[in-house]
4 protein chains.
Amino acid sequence: MPAGTEGQPPVTSPERRRSIRSHQAILAATTQLLAEVGYTALTIEGVATRAGVGKATVYRWWPSKGALVIEAMRSALDMIPVPETGDLRRDLLAIGNGIVQTLAHTPAGAVIPALAADLMRDPEMAEQFRNQVIRPRTSAITQVLRRAADRGELPSDLDIGLLLDVYAGAVFYRVLVSGEPVTDLLAEQLVDLLLDGKAPVKPSAVAEA
Amino acid sequence: MPAGTEGQPPVTSPERRRSIRSHQAILAATTQLLAEVGYTALTIEGVATRAGVGKATVYRWWPSKGALVIEAMRSALDMIPVPETGDLRRDLLAIGNGIVQTLAHTPAGAVIPALAADLMRDPEMAEQFRNQVIRPRTSAITQVLRRAADRGELPSDLDIGLLLDVYAGAVFYRVLVSGEPVTDLLAEQLVDLLLDGKAPVKPSAVAEA
Amino acid sequence: MPAGTEGQPPVTSPERRRSIRSHQAILAATTQLLAEVGYTALTIEGVATRAGVGKATVYRWWPSKGALVIEAMRSALDMIPVPETGDLRRDLLAIGNGIVQTLAHTPAGAVIPALAADLMRDPEMAEQFRNQVIRPRTSAITQVLRRAADRGELPSDLDIGLLLDVYAGAVFYRVLVSGEPVTDLLAEQLVDLLLDGKAPVKPSAVAEA
Amino acid sequence: MPAGTEGQPPVTSPERRRSIRSHQAILAATTQLLAEVGYTALTIEGVATRAGVGKATVYRWWPSKGALVIEAMRSALDMIPVPETGDLRRDLLAIGNGIVQTLAHTPAGAVIPALAADLMRDPEMAEQFRNQVIRPRTSAITQVLRRAADRGELPSDLDIGLLLDVYAGAVFYRVLVSGEPVTDLLAEQLVDLLLDGKAPVKPSAVAEA
DNA sequence: GAGTAAACGAGACGGTACGTCGAGTCTTTTC
DNA sequence: GAAAAGACTCGACGTACCGTCTCGTTTACTC
């Protein structure tokens, strides 16, 4: 695995000999079907058929529906860029709007909670899920907050983890539980609350003011 | 349904003739099995068997697994009492700790998210879920906040809905997604944040202060 | 449940509540498919599909392919009538020709050996097979021989079992192993051998004589 | 295959370069597995694994399970020596006992019928089977009978083929279908019947006589 | 107190999907 | 340049539940 030395390409990946095409077809089929029927109604059999692949090929590479969906989500979701304006509020807003877009306007909003719930009984898979799906979505916020703390704009002993839970949790909860609309306004209100402790006021009141 | 009026005993429930005992057995079996195997692995067949009941009897009264679980949850969860100390912070803390207990230390913590995710595709059921399961858990907070707003301790145009989403969302998110421990400290930090805009600091830092 | 009282029809057959139609459809499908694809290529799945029946319904009533085929064979094969001419040779010839017809000109000829071979490892099923499929085919011979022995036309201590094995074995062996044509002449030669100890001569030689 | 000429080692088999070892390992594995699990449960995959060989290597040299088993049987079974006592009855008895031993006390007894039944649908393989497995087992009888006919001890127009079918068929049938014990007595009774037309009497009766 | 209609337990039914195994083909890597 | 290794598509295995249905058999209400 030492880079720089030319010429040991065959050794690099001893596993996965010929699977590349099937692999991608399976992930693509999974992504499509997640959007069409959702997580609960997704079946391995359906994925295999859609991908033009034997069921065993799916099971060879993924031990369960959860594992398959984790990887499909990972490869389907874009990386979230880390903004660098230096303005904490502006950065958080940018990221927040991105997350809101993803959760409110793509299938991911429906899939992620179902996936999370389904994996709760399997700690190992749950960990995978957090590492592969959640962490990439939240690391941008973490970085922005940490840099701001370094600049002194935030307390240095800030509990970034909790802040994240609050921020992400509110968005999730709206999508998943309360069913209220998730709009860009939400990101704004949350940033106000987190940064200024400004309690949110009703949208209509804001409009009137 | 008005109790107290004498004399229409046969009319009270024109449907449900002999069902009472089976009804309760089914709900009890559902509650047990939810605790034992979780929402995903819960099957109607298993519930019927455990309850000593025919499968058709379950289907006669509940159209789906979701509907059954909603009712089981409702009858299994205790009502949350609305504290009346008049001290906003104390009230919120009391409620928060109650919610934390439920989500972190009872099967409900695992069932509710799975149920929510499963119902996302069925708006009608989702509405039922919110009315029957979520709303009773959160109405105490709403009342406390509303009374405080009436007393002038909070802005009168406060967006109570969002505040709720933030509060409940953070707890949910911890249980469901981030997997971090959910303790009483969490309730405290959240109340600090919501009421004072005090950004949370790391637990260790708090101890040192 | 007190016996003696007339009119307890419902108790008579506690099993098989509603299966009659499916039952027959399954046996019919099995018989058809045996003729079309043979024993080895017969699949439970194929039978279920052809019968318009769920796979589980087949498995509910028959534990294995072998058991299913045994019953299908039994209900598909006609009983062999026991001739009563009183002439031993004529009786044996009649029966022999019947067996030859069945083995040489119906699917049974191909199915029975395969079934037999497949069941060799399962003594219980093998016994079923002999009782249900073989015995009915050979009992006519046994009866004819026994009556002849009673009349004194054959030694009273005749080993009827072995005689049967020789007779039936030769026909089977031709069909199964040696692959030679099985014609009515075979029955004749066998009767000659068994009754007179007349060693068989080549067909052509017979024609010349 | 003409032995004796030395010196054309590379030319003899232009194919099969490194195959010899694999070849033998495959045949050995087949023989072992036939004895362990029988014909039906024998799988190419199992043979390949046991032989430490790729599945494709098996398929390269044998087109089907049947072909593989035919060759394995051939190389596993000993040649049957042709006795030369000049006494017809003694010769037949010797051979008969040999066959009885093979069919009753080695895996071959279970494998041959299953193999035969399985190959019935494939005339070409069936012919191979007869040539390679059956004929070597029966040619000794044929030779003995033919010599006896030449000596005038048997009719010159004897239908040796049928006699063989009767002899072998009876033994087969006992093993495969009737399930009765196959002992040396059987060979004796059969020889009596074939040579003398002496109808078989029950063993116990024999003992009493 | 008998008659009757519903709800009941039981579980068979036609299906779908499960996760596994083997068939027979094909490709890559090793010797 | 054949052979090991094993991934591939395909199809059947036998099982579990689905949601519907048909059975007798209780009840609980009517008359």
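Convention: sequence-line order gives letters A, B, ...; per-chain numbering from 1. These figures come from a predicted structure and were not determined experimentally.
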Peer 1: Between B:Gly52 and C:Gly52, which is nearer to the 5' end of DNA chain E once each is assigned its nearest nucleotide?
Peer 2: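 The residue whose closest nucleotide sits nearer the 5' end is B:Gly52.
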Peer 1: Is there side-chain contact between D:Leu42 and D:Val111, with heavy atoms separated by less than 4.5 Å?
Peer 2: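 A side-chain contact under 4.5 Å is absent here.
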Peer 1: Can you tell me the distance, in whole Å, between the CZ atom of A:Arg50 and the C1' atom of F:dT9?
Peer 2: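 Going from A:Arg50 (CZ) to F:dT9 (C1'), I get 19 Å.
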Peer 1: Work out how much the helix from E:dG1-F:dC31 to E:dC31-F:dG1 bends between its end axes, five pairs an end, to the nearest 10 degrees.
Peer 2: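 The two end axes of the helix from E:dG1-F:dC31 to E:dC31-F:dG1 meet at 10°.
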Peer 1: So, does C:Ser22 get its side chain near the phosphate of E:dG14, meaning an N or O under 4.0 Å from OP1 or OP2?
Peer 2: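 The answer is yes; a side-chain N or O of C:Ser22 sits under 4.0 Å from OP1 or OP2.
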Peer 1: Per the salt bridge (Lys or Arg N to Asp or Glu O under 4.0 Å) rule, what does the pair list look like for residues 33-44 of chain A, sequence neighbours excluded?
Peer 2: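 Qualifying pairs: A:Glu36-A:Arg50.
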Peer 1: For D:Trp62 and E:dG24, give me the distance from atom CH2 to atom C1', rounded to whole Å.
Peer 2: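 Checked: the CH2 to C1' distance equals 16 Å.
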Peer 1: Show every salt bridge (Lys or Arg N to Asp or Glu O under 4.0 Å) that has at least one partner inside residues 113-126 of chain B, sequence neighbours left out.
Peer 2: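 Passing the test, one end in residues 113-126 of chain B: no pairs.
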Peer 1: Could you note down all residue pairs passing salt bridge (Lys or Arg N to Asp or Glu O under 4.0 Å) where residues 53-63 of chain A supplies at least one of them, sequence neighbours left out?
Peer 2: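 Salt bridge (Lys or Arg N to Asp or Glu O under 4.0 Å) check on residues 53-63 of chain A returns A:Glu45-A:Lys55.
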Peer 1: Expressed in angstrom and rounded to an integer, what is the separation of D:His23 atom NE2 from F:dA4 atom P?
Peer 2: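 Answer to the nearest Å: 12 Å.
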Peer 1: What is the distance from CH2 of B:Trp61 to P of E:dG9, rounded to the nearest Å?
Peer 2: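 Taking CH2 of B:Trp61 and P of E:dG9, I get 12 Å after rounding.
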Peer 1: Figure out the CD1/P separation between A:Ile26 and F:dC8, and round it to whole Å.
Peer 2: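 Checked: the CD1 to P distance equals 7 Å.
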Peer 1: Working to the nearest 0.5 angstrom, can you tell me the gap between B:Tyr39 OH and B:Lys65 NZ?
Peer 2: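 It comes to 5.0 Å.
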Peer 1: Considering the options A:Thr30, A:Leu27, A:Leu33, which one meets the side-chain contact (heavy atoms from CB on, under 4.5 Å) requirement together with A:Val69?
Peer 2: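 When side-chain contact (heavy atoms from CB on, under 4.5 Å) is applied between A:Val69 and each of A:Thr30, A:Leu27, A:Leu33, only A:Thr30 qualifies.
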Peer 1: The criterion is salt bridge (charged side-chain N to carboxylate O under 4.0 Å, His left out); which residues satisfy it with D:Glu127, sequence neighbours excluded?
Peer 2: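 In terms of salt bridge (charged side-chain N to carboxylate O under 4.0 Å, His left out), with neighbours along the sequence ignored, D:Glu127 is linked to D:Arg130, D:Arg135.
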Peer 1: Is any side-chain heavy atom of B:Trp62 less than 4.5 Å from a side-chain heavy atom of B:His23?
Peer 2: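 Sidechains of B:His23 and B:Trp62: in contact.
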Peer 1: Please say which of B:Val53, B:Ile44, B:Thr31 ends up in a side-chain contact (heavy atoms from CB on, under 4.5 Å) with B:Ile26.
Peer 2: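 Answer after filtering B:Val53, B:Ile44, B:Thr31: B:Val53.
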Peer 1: Counting heavy atoms from C-beta on, name the nucleotide in E:dG9, E:dG14, F:dA4 closest to the side chain of D:Thr57.
Peer 2: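 Closest nucleotide among those given: F:dA4.
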Peer 1: With respect to the side chain of D:Arg60, which nucleotide from E:dC8, E:dG14, F:dA3 is positioned closest?
Peer 2: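 Selected nucleotide: F:dA3.
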Peer 1: Could you state the CZ-P distance from C:Arg21 to F:dT22, rounded to the nearest angstrom?
Peer 2: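 From C:Arg21 CZ to F:dT22 P: 11 Å.
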Peer 1: Can you check each nucleotide of nucleotides 16-21 of chain E against protein heavy atoms at under 4.0 Å and return B for base, S for sugar-phosphate only, - for none, in 5' to 3' order?
Peer 2: -BBBBB
